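Here the structure is laid out as structure tokens; the discussion comes afterwards.
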4 protein chains.
Amino acid sequence: MKSLPQPRKMPRQARSQHMVETILEATARVLAERGYAGTNTNVVAERAGVSVGSVYQYFPNKDSLITALHERHASQMYAVVDKVLDGAGAGGLRARLADMVRALLEAHRVEPELHKVLEKEFPFFDAPHDESPADHSFFRRVRELLETHAGEIAPRDRDLATWIVLRTLETLVHAAVIDAPARFSTEDIEQNIVDVLAGYLMPGAPRAA
Amino acid sequence: MKSLPQPRKMPRQARSQHMVETILEATARVLAERGYAGTNTNVVAERAGVSVGSVYQYFPNKDSLITALHERHASQMYAVVDKVLDGAGAGGLRARLADMVRALLEAHRVEPELHKVLEKEFPFFDAPHDESPADHSFFRRVRELLETHAGEIAPRDRDLATWIVLRTLETLVHAAVIDAPARFSTEDIEQNIVDVLAGYLMPGAPRAA
Amino acid sequence: MKSLPQPRKMPRQARSQHMVETILEATARVLAERGYAGTNTNVVAERAGVSVGSVYQYFPNKDSLITALHERHASQMYAVVDKVLDGAGAGGLRARLADMVRALLEAHRVEPELHKVLEKEFPFFDAPHDESPADHSFFRRVRELLETHAGEIAPRDRDLATWIVLRTLETLVHAAVIDAPARFSTEDIEQNIVDVLAGYLMPGAPRAA
Amino acid sequence: MKSLPQPRKMPRQARSQHMVETILEATARVLAERGYAGTNTNVVAERAGVSVGSVYQYFPNKDSLITALHERHASQMYAVVDKVLDGAGAGGLRARLADMVRALLEAHRVEPELHKVLEKEFPFFDAPHDESPADHSFFRRVRELLETHAGEIAPRDRDLATWIVLRTLETLVHAAVIDAPARFSTEDIEQNIVDVLAGYLMPGAPRAA
DNA sequence: CATGAATGAGTATTCATTCAT
DNA sequence: TATGAATGAATACTCATTCAT
């Protein structure tokens, strides 16, 4: 089981930072347009307007490109959720869950094509969920949320509950964006995802319209 | 979006049937041991004790091997669920859901390595869920289950509910087998998956121990 | 330099004769439609409605198929010329040459596609012109023609003259059918081919309209 | 009908130029020694002392190698003829034709083996004569020659005459090098080729010894 | 640091040919 | 004889990676 490929170096200079960004952007575009099979370092380099050598200056190998993209995605998603939870609107846990679901769905609808490949290709890499820093943060944040509403939720093992929630949230959001038959309306799907989570955490609670 | 690769010929004779089986078995083993990247037609053939030519006699290309494996997996999982639901034990919807979850978890624990790769690689192919016959059957079966218990369930759109249940069931079962941190006990996970489904379908219902 | 592949056996029975014909026909069609690269024994067999094994019963290898086709073509062309020369019309050598050219052009226009590939692929096989029986006959026939008109022709070495005539005739007829720019009329081409041959053999003779 | 394969990149730098040359030389040698069937990109690369990748850096596919070789051959032949015609010796059209024939025969005798395969394989590619730049130049040059001697020649359609001359010249020269039975002397063949062309263009003119 | 020409191991796929039935 | 499933050597082409400039 190979470990998560890491960027070769932590680029500190602005120029390098920019280079990394450019390469990652190119990777995203190529990946979105041509899928994993059609993506190769030479094309990425060309698309980034950079030489292959430069790509290898910052990424030790091809897979690290994808991994980095994933990490970026995870960070972005975490940021989205973080912001929404910080925004601490009114209402109880259900409202918070609804906020998260809506925010994530929105975020995913920005570049559906990219997320599509990202989701599709992710499992391709032996990157267990718990090796990503962003995923850790995500886990912690949700866990905190459950703690905060400890009184309202049914599951005993809060750790397990967090894990279940994350897994479910992830799949359903992705499925909604990628897979969902056209006959299901966006609102209904959103609603139902919330229902799944709320139903699990607060079985007795009344279900909103 | 390319359509599902189909076996090149429908083997009717026993000899051919056997050949297809052998090849598929070999594919499964190789896939489980070496992952997608490490799997190639020549190795599969060798492992099957068969010539490459024979592989291509029955499968038009490499991907069709994986696709066929998936279809087989889907069929098996459907069979498992079908049997369990036919076995119509006592109890309401919750009992049925519990039966399904337990049966699926058991089935997946037989060849965890294979299911791992299968799950990991599946999205890799542009095979939307609804192109697989087995998936169709699965959908129909679950939908019937919901119809049968129409009185007990909350979600209005039964089609959507079926979709949500399937997606959730699939991920959580796979996650349980592949991803789950060791600190979660098998029983707890199982219990919680049922809670997710039951909580969604029957929000008010009492949660069993 | 490999020698001309020969049909494995001289089939005497009607059934076999028919089989050989069928296979050769199929080869011709496949060759005409898909070119040499696209032609393979399995396709030929299928097209002939026969098993590959049967093909190998009568032809030792793939190339022998093409060779046989060539021999058939050569025979046919010889037959055409033979007939025309036997028909001994009025006029001198020029008339005879004109007869040959016209007959050959007509014959080639029947299945231009096939002749195209045949001509294209012929040199591909190490089959020098003088190994084909039909080519021998052809040579003899033309040589006789020159002997008959010995008094009218300029070239001293009648053997060489025959060779030159044959080479020229062959290319120009093929070029006329395959290559000729559309702006040249059929009649003009025909006329000019005759002029080439007549001009060579009877330099001083008046050129007909 | 596929178009002429083109070199993948137009090499401008000396290094690349050299690489292309090396590869082409190797192709020629391999082709001459093993024929088309025996020629494959890996062998060519090896023979060129270069990696396969480099071959593909400059030639998009195998066929483009052969095509490039042909073009080179055509250019060389054109250069030879061009030089000879520029050398404008004394004498009329017949002398010019004789010059061309002699020059071409000489040129072909340098690497007979290569020209053999080249000629043999040429038709194999769907490269009509008129797609090659060199062939165009050749056509133009010969056409000019005929114009220059317009007063002496019999054929009305000078375009057609050029075409006929080229076709005939090409075949007979190649036949002379490749096919000619040993019993024909080089000089006799040369003489007769000139006779064919001169007899066609200037039917009445006296035939030199 | 950036470049991009060069590398060459790796792989999917084809197809002539055989031979057990 | 006819069949056609099975064989497996052969080969075009790709692409991650390196390294001299």
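Each chain gets a letter, A, B and so on, in the order its sequence line appears, and its residues count up from 1. On a predicted model such as this, the values are computed, not experimentally measured, just so you know.
dA2(E): Watson-Crick or G-U partner is dT21(F), with both key distances under 3.5 Å. Look at dC15(E): its Watson-Crick or wobble partner, with both distances under 3.5 angstrom, is dG8(F).
The residue among Lys62(D) and Gly49(B) whose nearest nucleotide of DNA chain F is located toward the 5' end is Gly49(B). Projected onto DNA chain E by closest heavy-atom contact, Ser51(D) and Asn40(C) fall at different nucleotides, the more 5' of which corresponds to Ser51(D). Map Gly53(B) and Gly53(D) each onto its nearest nucleotide of DNA chain E; the residue landing nearer the 5' end is Gly53(D).
Here dT18(E) presents its P atom at 9 Å from CG of Asn61(C), a figure rounded to the nearest Å. When rounded to the nearest whole Å, the span between CD of Gln57(A) and P of dA16(F) equals 18 Å. Atom OH of Tyr58(A) and atom P of dT17(F) are 18 Å apart (whole Å). For the pair His18(C) NE2 and dA2(F) P, the computed distance is 12 Å after rounding to whole Å. Rounded to an integer number of Å, the gap from Glu46(A) CD to dA5(E) P is 11 Å. When rounded to the nearest whole Å, the span between CZ of Arg34(D) and P of dA10(F) equals 11 Å. When the P atom of dT18(F) is taken as reference, atom CZ of Phe59(A) falls 16 Å away, rounded to whole Å. The separation between Tyr56(C) atom OH and dT7(F) atom C1' is 13 Å, rounded to whole Å.
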Determine whether Glu21(B) and Arg72(B) satisfy the following criterion, salt bridge (charged side-chain N to carboxylate O under 4.0 Å, His left out), listing intermediate values before the conclusion.
CA-CA 11 Å; Glu21(B) 263 316 303; Arg72(B) 204 178 67 156; 3.5 Å; yes
Derivation and outcome, salt bridge (charged side-chain N to carboxylate O under 4.0 Å, His left out), residues Glu33(A) and Arg47(A):
CA-CA 12 Å; Glu33(A) 288 171 23; Arg47(A) 190 61 149 275; 2.7 Å; yes
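Screening Leu65(C), Thr41(C), Val43(C), Asn40(C) for a side-chain contact (heavy atoms from CB on, under 4.5 Å) with Val30(C), the sole residue that qualifies is Val43(C).
Side-chain atoms of Val50(D) lie closest to dT7(E) of the nucleotides dA12(F), dA5(E), dT7(E). Checking dA16(E), dA2(F), dG4(E) against every side-chain atom of Val52(A), the shortest atom distance belongs to dG4(E). Listed nucleotides dA2(E), dT17(E), dA12(E) differ in distance to Thr41(C); the shortest reach to its side chain belongs to dT17(E).
For the atom pair CG (Leu24(A)) and CZ (Arg29(A)), the distance works out to 11.5 Å, reported to the nearest 0.5 Å.
Taking only side-chain nitrogens and oxygens, Ser54(D) comes nearer than 4.0 Å to OP1 or OP2 of dT7(E).
The environment of CD in Glu46(A) is sparse: at most 12 heavy-atom neighbours from other residues, nucleotides or ligands sit within 6.0 Å.
If you check every strand for non-hydrogen atoms under 4.0 Å, Asn42(B) touches a base.
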